[in-house]
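Encoded as structure tokens, the structure appears first; notes follow it.
Within every chain, numbering begins at 1; the chains are lettered A, B, ... in the order of the sequence lines, protein sequences first and strands thereafter. Because the structure is a prediction, the values reported are computed rather than measured.
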There are 2 protein chains.
Amino acid sequence: MPDSTFPEVRSLDLFADMSDENYAKLMRGAYLQTFPPHVDLIGEGEDADFLHVLVSGAVDLFSSWSNRETSVMIVKPVSTFILAATIRDARYLMSARTMEKSRIVMIPSQDVRAIFDLDAGFARAVVVELAACYRSVIKTTKNLKLRTALERLANYLLSRSQDHDGALNFVLDLEKRQLASVLGMTPENLSRAFKALQAYGVQVNGENVVINNMDDLQTFAKPTSLIDDNRT
Amino acid sequence: MPDSTFPEVRSLDLFADMSDENYAKLMRGAYLQTFPPHVDLIGEGEDADFLHVLVSGAVDLFSSWSNRETSVMIVKPVSTFILAATIRDARYLMSARTMEKSRIVMIPSQDVRAIFDLDAGFARAVVVELAACYRSVIKTTKNLKLRTALERLANYLLSRSQDHDGALNFVLDLEKRQLASVLGMTPENLSRAFKALQAYGVQVNGENVVINNMDDLQTFAKPTSLIDDNRT
DNA sequence: CGTTAAATTGACGAATCTCAATGCACGTGG
DNA sequence: CCACGTGCATTGAGATTCGTCAATTTAACG
């Protein structure tokens, strides 16, 4: 609420197209908060009172049922989360916790909905953002239903390699236990999956990954932009 | 293009709030087509040239990878499909085929995007619709990652019971092979799952389902509105 | 009826989870 | 500096879930 209008937030695609006036209105009731690692931010089932914008750090969006828990997605800066619940004035479908020290801007949901009606540029950006989120989750579903755990892991490694400009060695950006949950498997199974990928030239040492034979791995993983690409 | 402006479409939430003028503009380039059963409408990977509105019949949205195929969702009238690809001017992530004889209105994607910018009511409706779709897919992901196939089936039956006003017996609205694909299992596994649910008082005869002991089934299935509810 | 596709059943194997034990890193406090 | 937690990762053994293949039964429809 102070003078600062959160420049990192302003430059987000979601807010870039709106008028200064409406942006100011939107941020009037917002506040920036810093959280330590491993702090619960949101519990699934709660009302979506705020749209959250992750400015720095990392947030785990997870869900529980019947003593089981799974990580649905990991949010990296700078991006928003739980936009859909805010729009629909509904309950959160996922819980959220910080993975590292994180700075988060919280914008009252009712303000988001109000400004949405006032600002066509913002409305357009929300739609484009939501459509991207939707497509991303569809890809997750296809990944889960069409592939085995080993295939999901292989494609995950190829994706990370792409993120590093196609590098043949890189560092995992997630704890293995986290990665296992994201990929829909147990940590034990992940360990064995890494070993199984040795047959395709993958070496893993701690958090370091080396792809010795990109062709072999790609032949096995059969990546496709209709599942693995984060952009289109 | 003719006089008819597709009243069934007009009354959809998505189009209800827009001006007559903009609705007319949107429908200027649209056309209604009737398809026989089991006709391919869309192949994944193709450009999203049209927003589709299913007026009657049923459409299967499915996806293939590496010789495998899975049904991601079933579309029932009256609703749109592949709105997200239209909005983002991207390629379809899913293929579509008719399950029965179906009437479908096809609206050029560029018109949808153009009218979106002109009509705030339409913009708002698109966002609300997309947010609902997003939340629905999140629930699908949770269902897949947190539950076994048997649990998914049990909850599916409870959902269908709810759809029939809580009736203890009802008729499956999908072929079993289709249902298996939607639930992420093989037809053989579905057969055995139905048998396994006998232990909880479920009787299946052809397409007829009887729930003899709702409490038993609910105790086993542990349904939750954060996964199973289609509305919120 | 006869043809076709779906559904079921059985036998088997692969994929995955669970439980328990061990190993390994990292940080704290002595 | 080292002992010792603590938590994550790994490994092994065994059970469970689930998929595959083949054969059979059932249902649907001309």
Side-chain angles (χ1 to χ4, degrees), chain A residues 36-38 60 64-71 97 99-100 143-156 171-200 202-209 220-221, chain B residues 36-38 60 64-71 97 99-101 143-157 171-200 202-209 220-221:
Chain A
H38 308 296
D60 182 17
S64 304
W65 180 81
S66 184
N67 267 351
R68 284 163 240 176
E69 179 181 311
T70 191
S71 180
R97 71 165 76 96
M99 299 169 63
E100 323 161 356
N143 200 25
L144 286 169
K145 292 184 79 174
L146 290 169
R147 288 174 173 162
T148 66
L150 192 59
E151 289 164 343
R152 293 197 294 275
L153 175 60
N155 280 292
Y156 178 84
V171 173
L172 291 175
D173 57 342
L174 293 179
E175 248 180 38
K176 285 181 183 170
R177 112 182 340 265
Q178 268 283 342
L179 176 57
S181 186
V182 169
L183 292 177
M185 57 207 286
T186 59
E188 296 96 323
N189 198 13
L190 179 63
S191 271
R192 290 167 183 132
F194 272 129
K195 281 210 158 178
L197 287 183
Q198 288 179 1
Y200 304 99
V202 174
Q203 285 181 346
V204 178
N205 213 305
E207 57 184 2
N208 297 102
V209 177
F220 170 71
Chain B
H38 308 296
D60 181 19
S64 304
W65 179 81
S66 185
N67 266 351
R68 284 163 241 176
E69 178 181 312
T70 191
S71 181
R97 71 166 75 97
M99 298 168 64
E100 324 161 355
K101 183 179 181 216
N143 200 25
L144 286 170
K145 293 183 78 173
L146 289 169
R147 288 174 172 161
T148 66
L150 191 58
E151 289 164 342
R152 292 197 293 275
L153 175 59
N155 280 291
Y156 178 84
L157 295 180
V171 173
L172 292 175
D173 57 342
L174 292 179
E175 250 180 36
K176 285 180 183 171
R177 115 181 341 264
Q178 268 284 341
L179 175 57
S181 186
V182 168
L183 293 177
M185 57 207 284
T186 59
E188 296 95 323
N189 199 11
L190 178 64
S191 270
R192 289 168 184 132
F194 273 129
K195 281 209 158 178
L197 287 183
Q198 288 179 2
Y200 303 99
V202 174
Q203 284 181 348
V204 178
N205 213 305
E207 58 183 2
N208 297 102
V209 177
F220 170 72

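- Distance CD (B/Glu207) to C1' (D/dT26): 14 Å, rounded to an integer number of Å.
- Following rounding to the nearest Å, B/Arg177 (CZ) and C/dA6 (P) show an atom-to-atom distance of 5 Å.
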Should B/Gln203 and B/Asn208 be marked as a side-chain contact (heavy atoms from CB on, under 4.5 Å) after you check the CA-CA gap, both sets of side-chain angles, and the distance that decides it? CA-CA 8 Å; B/Gln203 284 181 348; B/Asn208 297 102; over 6 Å; no

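- Separating the CE atom of A/Met185 from the P atom of D/dT10 is a distance of 11 Å, rounded to the nearest angstrom.
- In this structure, CZ of A/Arg68 is placed 10 Å from P of D/dT17, rounded to the nearest angstrom.
- Put simply, the side chain of B/Arg192 and the base of C/dG10 share a donor and an acceptor less than 3.5 Å apart.
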B/Phe194/B/Leu157 under side-chain contact (heavy atoms from CB on, under 4.5 Å): CA gap, chis, key distance, verdict: CA-CA 10 Å; B/Phe194 273 129; B/Leu157 295 180; 4.2 Å; yes

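- If you measure from atom CG of A/Asn67 to atom P of C/dC19, you get 11 Å, rounded to the nearest angstrom.
- Side chain of B/Gln178 to main chain of B/Glu175: no donor-acceptor pair is present (N/O by atom type, distance under 3.5 Å, no hydrogens or angles).
- Comparing B/Lys195 and A/Thr148 against DNA chain C, the residue whose closest nucleotide sits nearer the 5' end is B/Lys195.
- Atom CG in B/Asn189 sits roughly 14 Å away from atom C1' in C/dA7 (whole-Å rounding).
- Taking 3.5 Å as the limit, the base of D/dC21 and the side chain of B/Glu188 contain a donor-acceptor pair of atoms between them.
- Closest approach of B/Ala149 to B/Asn189, counting heavy atoms only: CB-ND2, 4.2 Å.
- Taking atom NZ of residue B/Lys176 and atom P of nucleotide C/dT9, one finds them 9 Å apart after rounding to whole Å.
- Residue whose closest nucleotide on DNA chain C sits further toward the 5' end, between B/Phe194 and A/Thr186: B/Phe194.
- Judged by distance alone, with hydrogens and angles left aside, the side-chain atoms of B/Lys176 form a donor-acceptor pair with the main-chain N or O of B/Gly206 at under 3.5 Å.
- From one end of the helix from C/dC1-D/dG30 to C/dG30-D/dC1 to the other, with five pairs defining each end axis, the axis direction shifts by 30° (rounded to 10°).
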For B/Met99 and B/Leu174, run side-chain contact (heavy atoms from CB on, under 4.5 Å): C-alpha distance rounded to whole Å, both residues' side-chain angles, the deciding distance at 0.1 Å, then the answer. CA-CA 10 Å; B/Met99 298 168 64; B/Leu174 292 179; 3.9 Å; yes

Please determine whether side-chain contact (heavy atoms from CB on, under 4.5 Å) holds for the pair A/Leu150 and A/Arg192, giving the CA-CA distance in whole Å, both sets of side-chain angles, and the decisive distance to 0.1 Å. CA-CA 9 Å; A/Leu150 192 59; A/Arg192 290 167 183 132; over 6 Å; no

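- Here the P atom of nucleotide C/dA15 and the CG atom of A/Leu150 are 8 Å apart, to the nearest Å.
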